[in-house]
Amino acid sequence: MPIHITFPDGAVKSFDAPPTALDIALGISPGLAKQAVVAKVDGELWDLSRPIEHDARLELVKRNAPEALEVIRHDAAHVLGQAVQELFSGTQITFGPATENGFYYDFARAEPFTEADLAKIEARMHDIVQRDLPLEREVWSHAQAVDYFSAHGETFKAEWIRDGIAPDAELTVYRQGEWLDLCRGPHLPSTGRIGTAFKLTKVGGAYWRGDANNAQLQRIYGVAFADDKALNNYLHMLEEAERRDHRKLGPQLDLFHLQEEAVGSVFWHPHGYTLYREIENYIRRRLQKAGYVEVKTPMLVDRVLWERSGHWAKYRENMFTAESEERTLAVKPMNCPCHVQIFKQGIKSYRDLPLRMAEFGACHRNEPSGSLHGLMRVRGFTQDDAHIFCLPSQIGPETVAFCDLLLSVYRDFGFSDVHVKFSDRPEVRAGDDATWDRAEGALRDAIEQTGLAYTMNPGEGAFYGPKLEFVLRDAIGRDWQCGTLQVDFVLPERLDAEYVAEDGSRQRPVMLHRAVLGSLERFIGILIEQHSGAFPAWLSPVQVVVATIVSDADDYAREAVEALRAAGLRAEADTRNEKINYKIREHSLMKVPVIAVVGRNEAEQHTVTLRRLGQKDQQTLALADAAAALATEARPPA
RNA sequence: GCCGGGAUAGCUCAGUCGGUAGAGCGACUGAUUCGUAAUCAGUAGGUCGGAGGUUCGAUUCCUCUUCCCGGCACCA
């Protein structure tokens with residue numbers, strides 16, 4: 001019985017025996033066969049070397065297609081597995097998937113892998129690729145697989161099959177030379193097709209099946225691409241990320257430092273704190289325009305309030321506490337219970353709603369030591385937090401208004417690529433299912449009203465309500481979660497917040513927890529990396545340095561600084577007895593956006609010669625004109 | 001928190017197969033007054049992360065500990 005293969009262009013070919021996609025490609029052109037990585041048979045990814053036994057639509061996937069890249073990476077993981085087992089006998093394999101930029105494989109081995117091992121392993125991988133071993137698909141029974149892996153000392157693999165896969169399931173195994181792994185596939189026809197564009201990048205720990213209670217494995221990471229050019233681009237991106245690292249730039253630019261005696265907390269230096277305040281003031285202006293009121297609430301609050309709110313039960317481990325005269329006080333990890341206390345002062349009417357209560361709330365959370373990371377993950381931080389107390393009917397319009405505000409703020413900071421994630425009920429939560437149905441429904445309606453696209457993030461909501469998470473993409477393509485909006489029916493109930501409705505009855509308000517930047521510390525970390533420390537003028541800690549060429553110009557330099565400051569600029573004089581080259585270099589390295597050079601000529605003519613960061617050309621202007629022009633440039637967004 | 005690696009001058013780093021350390025930059029002092037990314041010379045600066053142990057002697061070897069880095073887990 002002939003088999004009919006339909007091509008994307010509608011052409012049909014028939015074959016007497018089940019053909020492989022590779023046969024078919026070869027029949028069309030050897031070039032195509034070389035380019036093809038996998039096939040799509042009736043839309044399903046399929047090995048090129050797997051016979052097609054029924055009539056089907058066939059599409060050949062070429063090397064540079066996204067699906068192809070995943071297959072290449074997955075194959076590289078298999079080759080990594082083989083290389084490690086060839087070199088280090090007694091090492092067990094576990095899982096080895098493709099990742100966003102490459103692949104990893106988790107191994108069980110008593111001895112740690114070293115950086116030197118990595119080089120050896122990588123060399124062996126190239127060797128296995130050169131051997132060009134065919135990757136052969138085999139269908140095994142459950143029992144056969146358990147027996148095989150048990151007999152070969154692969155206890156993790158055997159356990160996984162026994163506990164994780166139904167006993168009647170058919171399993172597939174991919175064999176390459178002497179080595180094989182349980183795998184769904186698909187794979188390349190042979191290891192040679194992986195090419196040379198891969199590299200092992202790091203070793204690290206990982207837990208068996210992602211659970212911290214399980215055995216600790218060793219994960220070897222690699223990156224892999226379709227060709228060397230793509231690999232090199234990626235490696236350059238990594239270098240670029242390293243160059244921008246805020247942990248290096250922060251102290252270098254004299255913005256902040258961290259030290260052992262205050263782990264996870266930031267010492268802001270004058271320049272860093274200037275940046276911090278500039279951001280805070282900008283947000284304050286935006287909030288004021290958007291109808292928020294600002295408050296400040298206590299840092300130390302009796303545990304009884306946290307017990308009532310539910311935080312004590314769920315987050316006690318991560319809260320810092322202090323003792324005082326028989327009381328246990330907790331350093332606030334969040335601001336919401338405190339805001340409810342302000343809400344509850346006096347009687348609120350439905351006419352008072354929505355009430356938008358903002359705070360630059362200084363919070364402390366005892367984060368696990370291993371999670372701390374520069375400014376990105378700290379124990380003491382300040383949120384641009386607010387709680388909107390509103391009627392259920394106001395959730396929609398408030399969400400729309402908030403999203404507008406958030407996107408506009410992000411744009412002002414130079415981020416325009418933002419996406420939204422919707423996180424629904426977590427396993428451990430407060431409030432009954434009906435309340436969650438209501439909250440999730442309300443938030444879904446609200447996000448629909450904004451017209452923004454979003455993706456689901458199941459089970460990642462806060463314990464008191466579902467949330468939207470706003471993720472921005474930075475200049476080198478990394479994603480950062482900053483903003484959030486959470487719908488909460490639980491805390492108003494627990495903390496007994498109420499308002500008087502139109503009919504005189506007492507009702508619970510809804511609380512929307514929301515933040516735009518999230519944590520100021522973290523956001524500044526992101527900004528430093530976004531701009532590699534060269535901030536836009538309005539954020540620059542020092543906006544202009546007036547640098548003298550000769551000491552005769554010192555007095556004039558001071559006069560110029562005064563004029564610039566009077567125009568609202570953050571200006572400094574550099575009258576040190578150094579050559580102008582030296583000063584230019586130093587302030588350029590400190591990423592000052594404008595250097596105003598003054599020598600005898602400028603002093604006589606009352607002008608300044610401006611030089612912009614990274615540019616060579618000069619511009620001589622009257623001092624007053626320069627001050628006015630620079631002040632305009634450095635004006636913060638409204 | 002867990003696995004692995006690391007910590008030497010303000011910074012970047014070298015070094016000591018166990019005999020208490022060195023460079024460049026920076027700082028300081030002096031000279032130089034110079035036109036757009038490093039002027040020259042001199043001087044000072046280190047309980048070699050902390051505690052304990054082995055040793056005649058430890059920055060070096062061992063144990064514990066703190067912090068940092070990579071990874072995982074966690075992230076209200």
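Throughout, protein chains are lettered first and strands after them, A, B, ... in sequence-line order, and every chain is numbered starting at 1.
- A:R576 places its CZ atom 11 Å from the C1' atom of B:rG26, with the value rounded to the nearest Å.
- Between A:N214 atom CG and B:rC2 atom P there is a gap of 16 Å when expressed in whole angstrom units.
- Between A:L613 and A:Q218, the one whose closest nucleotide on RNA chain B sits nearer the 5' end is A:Q218.
- Under the Watson-Crick and G-U wobble criteria, each requiring two contacts below 3.5 Å, nucleotide B:rA7 is paired to B:rU66.
- Across B:rG4, B:rU39, B:rA37, the shortest atom-to-atom separation from the side chain of A:P112 is found for B:rG4.
- A:K583 comes within 4.0 angstrom of nothing in the nucleic acid, heavy atoms only.
- Listed by residue number, the members of residues 235-244 of chain A with any heavy atom below 4.0 angstrom from RNA chain B form an empty set.
- No close placement of the A:F489 and A:W436 rings is indicated, their centers lying 6.0 Å or farther apart.
- Here the P atom of nucleotide B:rG50 and the CD atom of A:E261 are 13 Å apart, to the nearest Å.
- In A:Q259, the CD atom is crowded: over 12 heavy atoms of neighbouring residues, nucleotides or ligands sit closer than 6.0 Å.
- With respect to A:D106, the salt bridge (charged side-chain N to carboxylate O under 4.0 Å, His left out) criterion is satisfied by exactly one of A:K157, A:R219, A:R209: A:R219.
- Pair check for B:rA37 finds none; no Watson-Crick or G-U wobble contact set falls under 3.5 Å.
- Searching all strands for a Watson-Crick or G-U wobble partner of B:rC2 with both distances below 3.5 Å returns B:rG71.
- Following rounding to the nearest Å, A:I549 (CD1) and B:rG35 (C1') show an atom-to-atom distance of 4 Å.
- Side-chain rings of A:F267 and A:H257 approach one another, their centers coming within less than 6.0 Å.
- Looking at heavy-atom distances under 4.0 Å, A:T548 makes no contact with the nucleic acid at all.
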Quiz item: Tell me, for nucleotides 65-76 of chain B in 5' to 3' order, what letter each nucleotide earns: B for a base near a protein heavy atom under 4.0 Å, S for only sugar-phosphate near one, - for neither?
Solution: -BSSSBBBBBBB
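- Across all strands shown, A:L589 has heavy atoms under 4.0 Å from base atoms, whether or not it also approaches the sugar-phosphate.
- A:E578 places its CD atom 11 Å from the P atom of B:rC40, with the value rounded to the nearest Å.
- A:I580 comes within 4.0 angstrom of sugar-phosphate atoms only, judged by non-hydrogen atoms across all strands, and of no base.
- Residue A:N581 has no polar side-chain atom (N or O) positioned under 4.0 Å from OP1 or OP2 of B:rU36.
- Ring to ring, A:Y105 and A:F107 are close: their centroids are under 6.0 angstrom apart.
- One atom, CZ of A:R109, and another, P of B:rC3, lie 17 Å apart when rounded to the nearest Å.
- Counting non-hydrogen atoms under 4.0 angstrom, A:E602 reaches a base of the nucleic acid.
- Side-chain rings of A:F381 and A:H364 stay apart, their centers remaining 6.0 Å or farther from each other.
- A salt bridge is defined here as a Lys NZ or Arg NE, NH1 or NH2 lying under 4.0 Å from an Asp or Glu carboxylate O, and A:R612 with A:E633 meets this definition.
- When both distances must be under 3.5 Å, the Watson-Crick or G-U wobble mate of B:rG18 does not exist.
- Rounded to whole angstrom, the span from the CG atom of A:D617 across to the P atom of B:rA37 amounts to 12 Å.
- Checked against the 6.0 Å centroid threshold, A:H513 and A:Y464 count as a close aromatic pair.
- Taking the six-membered ring for Trp, A:F470 and A:H419 have ring centres at least 6.0 Å apart.
- By the neighbour-count criterion of 12 heavy atoms within 6.0 Å, atom NE2 of A:H373 is densely surrounded, having more than that number from other residues, nucleotides or ligands.
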